[in-house]
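Below is one structure, written out as structure tokens; the observations come after it.
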Amino acid sequence: MSTTDSVALAQARANAARAQLADTIGILQKRANPQTLASDVAENLKVRGTEAVTTAVETARKNPVATGIVGAVLGSFLVVGPVSRLLRGRKPAKSKLKR
């Protein structure tokens, strides 16, 4: 192979590498776009949330008694404050926000 052929081959390889680098940079710029990142995160959260709800529903169907007990315990924690205030005769604190 002559020097001219090897120089031409090297230039062709360099041009191909430059084109590949330009394509890669373009892809990275698209992926780094804040709107693209936000939509990717939103889609990921939607998929994971759907999976979590599906798993929870399946578990609740398999164990209805345990689900009822957990629901009752959580419900009691949520109403302890208002019920105790009601029994003591206190009024709930008013919001300081003006309407």
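These numbers were taken from a predicted model, which means no experiment stands behind them.
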For Leu74, the rest of its hydrophobic cluster, which grows through side-chain links under 4.5 angstrom: Val70
Rounded distance (nearest 0.5 Å) linking atom CG of Asp40 with atom CG of Leu45: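 Taking CG in Asp40 and CG in Leu45, the distance rounds to 11.0 Å.
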Val80 versus Ser76, closest heavy-atom pair with distance: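 Looks like CG2-O, 2.8 Å.
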Thr67 versus Thr59, closest heavy-atom pair with distance: OG1-O, 4.4 Å
Of Lys30, Gln29, Arg31, the residue whose pairing with Ile27 passes side chain to side chain contact (heavy atoms under 4.5 Å, CB included):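 Single pass found, and it is Arg31.
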pair Arg18-Leu21: side-chain heavy atoms closer than 4.5 Å: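 When only atoms from C-beta onward are counted, Leu21 and Arg18 do not touch, as no gap falls below 4.5 Å.
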Min side-chain heavy-atom separation Glu43-Val47 under 4.5 Å: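 The answer is yes, as the side chains (C-beta and beyond) meet within the 4.5 Å cut-off.
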